[in-house]
Amino acid sequence: MDRTIASISTNNLGTSAINIVRISGPKAVEIVSSIFSNKNFKDAPSHTIHYGWIKEGEETIDEVLVLLMRAPKTYTKEDMVEIDCHGGYATTNKILELLLENGADLAEPGEFTKKAFLNGRINLLEAESVSDLLNAKTTLQSKMAMSGLTGKTTKLIQDLREKMVSLLANIEVNIDYPEYTDELQITKENITPVLKEINETLENIIKESRNGSLIKNGINVAIVGSPNVGKSSLLNTLLEEEKAIVTDIRGTTRDVVEGSIIVNGIVLNFLDTAGIRETEDIVEKIGVEKSKKLMKEADLTILVLNGNESLSKEEKELIKTLEEQEGIIFINKIDLKEKIETINTTLPIIKGSTKTNIGIEELKEQIIDTFGLKDMSNKDLTYLSNARQIALATEAKNLIAHVIEENKNDIPVDMLAIDIKSAWENLGKMIGEFYEDELVDNIFSKFCLGK
Amino acid sequence: MKYEIIVVGGGHAGIEAAHIGAFKGHKTLLVTGNIKNIGDMPCNPSIGGSAKGIIVREIDALGGLMGRVADISHFQIKMLNNSKGPAVRSLRAQADKVTYPKNILKELESTPNLTIQENMVEDLIVEDNIVKGIILEDGTKIEGEKVILTTGTYLKANILVGNTSTESGPHGERRSNLLSDNLKKYGLHIQRLKTGTPVRIKASSIDFSKMHEEVGDDTYWTFSCDNPPCYDINKQQKCYLIYTNPKTHKIILDNLNKSAMYSGLVTGVGPRYCPSIEDKLVRFKDKERHQLFLEPESIHYDDWYLQGFSTSMPKDIQEQMVRSLEGLENAEITKYAYAIEYDAIDPLQIMPSLESKVIKNLYTAGQINGTSGYEEAAGQGIVAGINAALSLEKEEPLILKRNEAYIGVLIDDLVTKGTNEPYRMLTSRAEFRLILRHDNADLRLRPLAKKCGSITDTQYQNYLNKKKQIEECEIFFKETKCKLTSEVKEIFAKENIPVPNITETFYDLLKRPEITIKFLNEIEPIPFKEEIQEEMEIQIKYEGYIKKTYKEVEKMMKLEEKEIPSDIDYSKVKNLASEARQKLEKIRPISLGQATRISGVNPSDIAILNVYLKKEYNHE
């Protein structure tokens with residue numbers, strides 16, 4: 001635990017003008033001063049900047065600025081030093097190597113944040129937000145991560161917990177001071193609206209966190225359609241025009257994502273449709289099955305049709321399937337003679353042409369509209385941002401729903417309190433706060449009792 | 001003269017400690033300032049109450065006196081929280097302030113190995129941090145192997161009324177002047193606490209006609225699981241409910257600066273759950289009225305206790321206040337209300353066995369440990385007595401866990417969190433309260449009591465009988481089928497309960513929310529005692545919740561089982577937050593579980609400590 005760790009904090013090696021090498025731990029100052037020309041550095045006061053050279057023996061490696069931050073007012077609550085050096089792979093790496101040679105350990109991914117958490121600098125939710133922030137690709141993503149960081153999510157959850165603890169305190173007062181009938185008596189009837197309100201808030205949080213996850217992970221879009229309707233050219237038009245970003249979406253999706261673009265701050269990941277892009281001699285049946293499978297994996301499917309032809313049996317089947325999920329129909333080739341029949345569907349239909357670049361903007365707007373993300377950049381982003389949080393919120397919601405059900409069945413309040421309390425604890429775990437004494441304090445601050 | 005156990009103080013803690021020590025065969029001395037005051041109830045005339053009633057049953061299960069003596073000394077008894085569910089039901093009895101102490105004394109006098117002596121103890125014989133006996137105020141030394149201090153509110157006590165402060169114990173009894181200073185000398189940390197008691201009013205001066213009656217239950221109850229009830233439900237005394245009014249409030253607010261609480265005279269910390277009436281008015285300005293209860297203290301004399309009206313106002317203001325209340329216009333005050341300040345020790349300096357961490361062989365129990373309440377005191381008293389005796393017998397101490405008893409929760413809270421106000425037990429402090437019920441106190445604790453040797457063979461047999469009956473009753477429920485005859489269907493129809501589609505067992509039927517044990521008895525009389533049936537009903541109806549609680553217990557036990565070696569050097573555990581390090585150093589928890597409950601020790605500190613234990617002590 002008392003390792004002194006170092007790593008390169010910037011990740012544009014070779015391209016940026018300046019890079020930062022960071023070191024944290026009890027030996028941070030000592031290690032840096034052993035390779036730093038500025039002799040005043042070692043005993044300098046905290047939170048000061050020092051100019052000098054990084055040296056290996058007599059050889060000068062780089063001209064640098066060194067930021068000295070002593071414990072405890074640092075990110076990790078340990079002594080920390082940041083070396084601002086010149087960009088370039090060789091120099092930056094050499095400085096890191098020197099630190100490691102002089103006694104630092106190479107930091108594991110996320111270890112600075114882990115130290116910050118273990119040393120009580122940040123709570124679990126904040127730690128998670130930091131990792132989101134580090135991985136953020138768009139400004140919306142980083143805004144969402146920041147809102148977790150500044151405690152916006154925490155505040156939302158705290159308010160909800162406050163409501164629950166008030167209810168619990170009232171129940172406990174009724175139990176522990178049964179003779180004080182002047183205090184509000186919790187009954188089967190008056191508990192219901194409060195529970196319903198809590199349940200609703202939780203439901204909203206969970207629903208909105210789905211949007212949160214779309215912002216974080218992007219929208220996975222599948223483009224399907226019969227051979228030769230223009231799937232590839234639609235994909236290429238979308239990607240080319242938006243200057244596709246290099247994808248390294250973590251782990252699972254990397255292999256299947258063909259390319260990504262950013263629209264309105266939202267990442268759209270186009271799934272690899274290679275399997276059904278092969279055209280000529282493919283058996284139509286297989287094409288339909290593969291399309292369906294792909295549609296299942298996607299958040300949104302664009303079904304491309306040829307406006308110059310009438311609908312095939314398979315296309316009609318795909319439209320039907322698509323109606324049960326998020327989808328958009330793109331009728332291509334409208335620069336040619338329209339031969340396609342009118343489609344009777346609830347799905348939005350965009351007409352356009354990849355050849356003449358008609359309808360592409362409209363299509364992108366429709367994608368964003370479909371998810372209600374149009375005004376996203378102005379929204380208050382207070383969503384839960386990861387699976388652990390969503391799971392805890394869902395568990396809390398289920399518990400409250402159970403309480404509502406049991407209350408209908410005349411289950412006594414001491415039993416109901418068990419599940420309300422677990423729900424309250426779940427939310428506490430989400431924000432890393434869970435003190436039993438909160439409840440007892442609440443009882444005495446809100447009620448007037450005693451001999 | 002040398003004793004094995006010396007108990008200092010004859011209050012509710014001292015009584016249980018002395019009785020159980022002597023019962024277990026050890027030569028025991030109980031020293032108290034006034035023999036007449038043994039078992040006295042200086043404040044409210046009741047035993048039990050929410051959570052407290054469960055503690056009384058636990059004391060009874062462990063072989064103590066409070067429950068069985070209360071059973072023969074009360075004039076009203078009721079089950080609280082009946083409608084709020086089985087986990088929180090609890091008995092309260094209006095105990096007679098004359099009869100109860102008399103019956104206690106009778107019990108103590110008939111306990112073999114127990115000597116009672118009237119004297120003031122002002123110092124201890126301590127050598128090398130080991131207690132060897134006590135020193136009386138005249139300098140006489142009495143040797144004892146174990147000393148249990150149960151001094152209540154008597155250490156350097158001051159009585160406060162208005163602007164006068166008098167050096168005195170409760171009701172003008174002599175206080176102990178030197179003992180707390182001497183304890184400080186030996187390294188115990190002393191804190192100043194405060195509590196209070198309301199006025200007593202002469203019965204003949206009260207006009208009860210305008211008051212709301214509070215009566216006892218029309219079912220028979222006992223605290224003790226060994227004895228049948230021996231009172232007449234029809235001869236129970238009534239209590240009364242009244243309210244404060246704007247006139248009362250004006251008198252209090254106009255004279256606030258005369259109250260000892262507000263004039264700066266009081267330095268001790270009072271309990272939040274037991275505020276004075278002036279406190280209530282200041283803190284809850286918007287409340288139009290406050291509830292008060294009039295309770296008779298005894299059937300042998302005339303005083304009535306005005307619960308909810310504790311104050312440290314001067315006497316003339318107290319008179320005005322009382323006479324502003326409806327029905328008390330002509331009230332004659334027989335005892336004025338007062339606040340009392342006293343010295344207590346810091347409970348963080350005691351071990352879960354209630355032995356001091358500072359002085360070996362010294363145990364403390366009751367208000368000296370920072371608690372409040374007769375039941376809380378008695379609960380600690382019996383544990384201290386058992387543990388002093390077990391230590392003499394070279395046995396491991398009895399440490400009740402949070403999932404075993406309210407007394408366990410109480411002691412764990414005290415020695416883990418400490419307290420800066422008098423600690424009162426609440427059901428909400430017990431996270432596993434669903435399995436710490438009044439009805440299963442004997443099932444939970446009698447096996448442990450047997451192991452400790454604190455109950456008689458008959459008492460143990462009573463437990464075995466009950467256990468056997470519950471098992472048989474369960475078989476009955478599982479084997480008895482509800483045959484859907486037209487007669488049975490009619491019973492269902494009469495109660496407006498849907499008839500089941502198939503023949504179900506009583507066990508499965510009872511799981512349905514709308515079906516009660518009373519209803520099943522209509523279908524077929526259940527051949528077991530009511531108490532056994534009730535036990536079954538709880539176990540079957542709330543099985544899901546009970547299972548959930550046991551799962552939580554399991555989680556806790558995992559951490560509880562990770563013992564922290566007593567020789568651990570916290571300065572060697574790197575990266576602990578400094579507050580956590582200080583707290584751990586001071587409290588020295590016996591397990592990782594206990595460490596998690598220390599305020600200021602965060603989950604990250606526990607993680608660090610866990611890693612350290614694994615590394616240093618090869619914990620799994």
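Just so we're on the same page: letters track the sequence lines, and every chain starts at 1. On a predicted model such as this, the values are computed, not experimentally measured, just so you know.
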> So how far is it from B/Leu434 CG to A/Met415 CE, rounded to the nearest 0.5 Å?
Replying inline: 4.5 Å
> chain A heavy atoms under 4.5 Å from B/Phe293: which part of the residue, side chain, backbone, both or neither?
Replying inline: side chain
> What's the spacing between A/Glu172 CD and B/Leu426 CG if we round to 0.5 Å?
Replying inline: 8.5 Å
> Which one, B/Glu514, B/Lys548, B/Arg597, leads in non-hydrogen pairs under 4.5 Å with chain A?
Replying inline: B/Lys548
> How close do B/Pro86 and A/Asp414 get, heavy atom to heavy atom, and via which atoms?
Replying inline: N-OD2, 3.2 Å
> Of the backbone (N, CA, C, O) and the side chain (C-beta and beyond), which part of B/Arg92 lies under 4.5 Å from a heavy atom of chain A, both, or neither?
Replying inline: side chain
> What part of B/Ser83 is in contact with chain A, defined as an atom under 4.5 angstrom from a non-hydrogen atom: side chain, backbone, both or neither?
Replying inline: backbone
> Distance-only, no hydrogens or angles: does the B/Gln291 side chain make a donor-acceptor pair with backbone N or O of A/Asp182 under 3.5 Å?
Replying inline: yes
>> With a 4.5 angstrom heavy-atom cut-off, is it the side chain or the backbone of A/Asp419 that approaches chain B, or both, or neither?
In response: side chain
> Does the cation-pi check pass for B/Arg424 over A/Tyr177, that is, NZ or CZ under 6.0 Å from the six-membered ring centre and within 45° of its axis?
Replying inline: yes
> Has A/Lys27 got more than 12 heavy atoms of other residues, nucleotides or ligands less than 6.0 Å from its NZ?
Replying inline: no
>> For A/Asp410, which atoms come within 4.5 Å of any heavy atom of chain B: side chain, backbone, both, or neither?
In response: neither
> So, A/Glu183 and B/Lys287, do they make that salt bridge, N to O below 4.0 Å?
Replying inline: yes
> Is the count of non-hydrogen atoms from other residues, nucleotides or ligands lying under 6.0 Å from A/Lys196 atom NZ greater than 12?
Replying inline: no
> Under 4.5 Å between any side-chain heavy atoms of A/Ser422 and B/Glu552, yes or no?
Replying inline: no
> Where does A/Glu406 contact chain B at under 4.5 Å (heavy atoms): side chain, backbone, both or neither?
Replying inline: side chain
> Of the non-hydrogen atoms in B/Arg433 and A/Ile175, which two are nearest, and what is the gap between them?
Replying inline: NH2-CD1, 3.8 Å
> B/Tyr423: what forms a ring pair (Phe, Tyr, Trp, His ring centres under 6.0 Å) with it, not counting sequence neighbours?
Replying inline: none
>> Using heavy-atom distances under 4.5 Å, tell me whether B/Lys52 contacts chain A through its side chain, its backbone, both, or neither.
In response: neither
> Can you list the residues that meet the ring pair (Phe, Tyr, Trp, His ring centres under 6.0 Å) rule with B/Phe519, with sequence neighbours excluded?
Replying inline: B/Phe492
> Under 3.5 Å, side chain of B/Lys84 to main-chain N/O of A/Pro412, donor-acceptor pair present?
Replying inline: no
